[in-house]
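All remarks here apply to the structure that follows.
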Amino acid sequence: MSLVASGLSETGCTRRSGAVLVNWGARVLYVGPAFGLAAHRNAVAVLAIGLSAPLGVARDPRDPTAGYRSCRSALIEPNALHHLQTISADVAFLYVDPLSRDLSTLRSRCRDRGQRISFDIEGESALIELLCGVAASASWASAGEQLAALLALQFTRPDPRVDEAIRVLRDTPGERLNAAELASRVGLSASRFQHLFKQVTGVPFRRFRTWTCLRAALVCVLGGGTLTRAAHEAGFASSAHLSSAFKQMFGMAPTQLLASQPRLIEPGGMAGRGTGFTTT
């Protein structure tokens, strides 16, 4: 199949700001060049959006002769073998945890739902327009709120005990604190803490901790650290352990993501490229 680029009248953009990686709780948003990966699986769900041209989604990733379906948005289920074909360097991938509320919400908003991949999310044109501006946005807080609204992602009211637990997780990723240890710190029983944590964040505690550790590893490497140092600081046994966990979660080695030299954006602030960035 030959993909044909969509004109601006069909919603498109040409970005010139480089790749952006947004750490968004138990989500990761990537906006930038396509990775050109072979057929693969992700442990998480992925909402893929072609920003300046359509995506091609393999009808059968094991059979190249089966062709590709052209679309602007596709929701790929966790562990689903898939292959994406692009003619554009401009794509957006929103990775969401399969155990979170996000997946069922996104699935319900796709007009064409399948067991492995769903297509054509509601508000597609507005999403593309918003995502095209993420790299140049002066405030992720504003863009994040708009994105959550467009995707109908739900947030419950913050809880100071959960906020404190998340702060501790982020400050001490290498310690791999368990639910009982954090529950004790915030004055709750382990069972009550885990229930409250999922109620507030939408993600089970252990899954959120995994996201936090991977985030810490990315922060370290994007700041100039080696994979070995990143593994140590994020609580992984080795760089091989880190790479394996990252590949299982996102379907690629961390070096493949880092090759795009993404600018890291953390909620509440923006960070610069390379060794000069800060996080909030």
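One-based numbering along the sequence shown.
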Are any side-chain N or O atoms of [X] and backbone N or O atoms of [Y], one a donor and one an acceptor, separated by less than 3.5 Å?
X: Q194; Y: S191; answer: no
X: H83; Y: R62; answer: no
X: S118; Y: C110; answer: no

When you compare the side chain of [Y] with that of [X], does any pair of heavy atoms fall below 4.5 Å?
X: I49; Y: L94; answer: no
X: L214; Y: L242; answer: yes
X: V44; Y: V96; answer: no
X: L84; Y: F93; answer: yes
X: L218; Y: L21; answer: yes
X: L257; Y: F250; answer: no
X: L177; Y: R209; answer: no

Under-4.0 Å salt bridge between K198 and D97
no

Closer than 4.0 angstrom, basic N to acidic O: yes or no for R161 and E164?
no

Between V162 and Q199, is the side chain to side chain contact (heavy atoms under 4.5 Å, CB included) condition met? List the steps.
CA-CA 10 Å; V162 173; Q199 183 182 56; over 6 Å; no

Does any pair with a residue in residues 232-255 pass side-chain hydrogen bond (donor to acceptor under 3.5 Å, both in side chains), and if so which ones, sequence neighbours excluded?
R229-E233

Is the charged tip of R176 near the ring of F236: under 6.0 Å from the six-membered ring centre and within 45° of its axis?
yes

Can you name the nearest heavy-atom pair linking A43 to R207, along with the distance?
O-NH2, 4.4 Å

For the residue pair E129 and S125, confirm or rule out a side-chain donor-acceptor distance under 3.5 Å.
no

Given Y30, which partner from the list Y95, F35, W24 fulfils the ring-ring contact (aromatic ring centres under 6.0 Å, His included) test?
F35

